[in-house]
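Notes to accompany the following structure.
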Amino acid sequence: MPGLQHTVTIAAPPEWVWEVVVDVERWPERIPTVDSVQRLDDGPLAVGSRTRLQQPRLPEAVWTVTDLEQGRSFTWGSRSPGVAISARHVVEPDAGATRLTLTVTIAGPMGRVGWLMTKGLTKRYVETEAASIKRVAEEGAP
């Protein structure tokens with residue numbers, strides 16, 4: 001499966017980083033690679049939660065949470081004809097700081113073609129997302 005992984009160390013407690021990561025409704029004001037977010041259900045992020053996400057240069061997509069370990073990680077996925085995308089967000093303590101790991105994988109019959117077309121953009125978006133979460137968490141914001 002094509003994909004990528006990006007890790008950053010954040011000088012903030014894991015609890016703060018987690019709050020920034022799961023507060024997806026505030027991503028448009030915090031992460032420049034996210035234009036709009038619309039939660040499609042109520043309550044905190046949980047397995048089965050759905051979110052409509054619009055990013056520059058990408059088609060609007062509905063992301064569904066497939067796995068969530070409260071305070072530590074969540075994975076969500078999106079599908080379009082021939083392509084399934086999965087994005088995992090992992091928050092771990094790291095010697096007085098926090099390690100954030102973002103992973104994107106692409107599968108499906110058109111996955112390799114889709115990956116070839118979006119690899120550079122996806123890499124920039126994942127790096128920007130990590131840097132933005134780092135900035136917000138280090139500024140002391142949950």
>> Assess the residue pair Arg88 and Thr75 against the criterion (side chain to side chain donor-acceptor pair (under 3.5 Å)); give the C-alpha distance rounded to whole Å, side-chain angles, the decisive distance to 0.1 Å, and a yes or no.
In response: CA-CA 4 Å; Arg88 183 163 174 78; Thr75 304; 2.8 Å; yes
> Are Val21 and Leu4 co-members of a hydrophobic cluster defined by side-chain heavy atoms under 4.5 Å apart?
Replying inline: yes
> Where do Val47 and Thr66 come nearest, in terms of heavy atoms and distance?
Replying inline: CG1-O, 4.1 Å
> What closest approach, in Å, do Pro56 and Pro32 show between heavy atoms, and which atom pair accounts for it?
Replying inline: CG-O, 4.4 Å
>> Take a 6.0 Å sphere around CZ of Arg79 and say whether it holds more than 12 heavy atoms from other residues, nucleotides or ligands.
In response: no
> So Trp18 and Phe74, would you call those rings parallel, tilted or perpendicular, with 30° and 60° as cut-offs?
Replying inline: perpendicular
>> Strictly distance-based, threshold 3.5 Å: is any side-chain N or O of Arg135 a donor or acceptor partner for the main-chain N or O of Arg30?
In response: yes
>> Please tell me whether Val20 and Val8 are part of a single hydrophobic cluster in this structure, the criterion being side-chain heavy atoms less than 4.5 Å apart.
In response: yes
> Given side chains that start at C-beta, do those of Val62 and Leu40 come closer than 4.5 Å, heavy atoms only?
Replying inline: yes
> Can Trp115 be reached from Val83 by stepping across I, L, V, M, F, W or Y side chains whose heavy atoms are under 4.5 Å apart?
Replying inline: yes
> Ile133 versus Val17: any side-chain heavy-atom pair under 4.5 Å?
Replying inline: yes
> Tell me, do Glu129 and Leu102 make a side-chain contact under 4.5 Å, heavy atoms counted?
Replying inline: yes
> What do the steps show when you test Ser49 against Arg39 for side-chain contact (heavy atoms from CB on, under 4.5 Å), and what is the final call?
Replying inline: CA-CA 8 Å; Ser49 293; Arg39 287 286 311 277; 3.5 Å; yes
>> Quick check for you: to the nearest 0.5 Å, what is the distance between Gln38 atom CD and Arg50 atom CZ?
In response: 9.5 Å
> Between Thr128 and Thr33, is a side chain to side chain donor-acceptor pair (under 3.5 Å) present by the stated rule, with each step listed?
Replying inline: CA-CA 7 Å; Thr128 299; Thr33 58; 5.7 Å; no
>> I need the minimum non-hydrogen distance between Pro28 and Asp35, along with the two atoms involved.
In response: CB-O, 3.7 Å
> Quick one: does Arg72's side chain get under 4.5 Å of Val91's, heavy atoms only?
Replying inline: no
>> Please find the pair of heavy atoms, one from Gly48 and one from Thr64, that lie closest to each other, and give the distance.
In response: O-CG2, 4.0 Å
> Would you say Ile85 and Met110 are hydrophobically clustered, going by side-chain heavy atoms of ILVMFWY under 4.5 Å?
Replying inline: yes
> If you measure from CH2 on Trp16 to CD on Glu139, what distance do you get to the nearest 0.5 Å?
Replying inline: 11.0 Å
> Once you round to the nearest 0.5 Å, how far does CG of Leu45 lie from CG of Asp23?
Replying inline: 9.5 Å
> Which ILVMFWY residues are connected to Tyr125, directly or by a chain of links, through side-chain heavy atoms under 4.5 Å apart?
Replying inline: Leu58, Leu121
>> Counting C-beta onward and ignoring hydrogens, is there a side-chain heavy-atom pair between Arg112 and Leu116 closer than 4.5 Å?
In response: no
> Which heavy atom of Pro93 sits nearest a heavy atom of Pro14, and at what distance?
Replying inline: CA-CG, 4.0 Å
>> For Trp63, give me all partners under ring pair (Phe, Tyr, Trp, His ring centres under 6.0 Å), at least two apart in sequence or on another chain.
In response: Trp76
>> Could you measure the distance from the CD atom of Glu92 to the OG1 atom of Thr9? Nearest 0.5 Å is fine.
In response: 10.5 Å
> Between Glu29 and Arg26, is the closest basic N to carboxylate O distance under 4.0 Å?
Replying inline: yes
>> Please report the interatomic distance CD1(Ile106) to OG(Ser78), rounded to the nearest 0.5 Å.
In response: 10.5 Å
> Going through the checks in order, is the side-chain contact (heavy atoms from CB on, under 4.5 Å) test met by Gln5 and Thr101?
Replying inline: CA-CA 7 Å; Gln5 181 172 297; Thr101 303; 3.5 Å; yes
> At their closest point, which heavy atom of Pro2 faces which heavy atom of Gly111, and how far apart are they?
Replying inline: CG-O, 4.5 Å
> So how far is it from Glu60 CD to Ser36 OG, rounded to the nearest 0.5 Å?
Replying inline: 6.5 Å
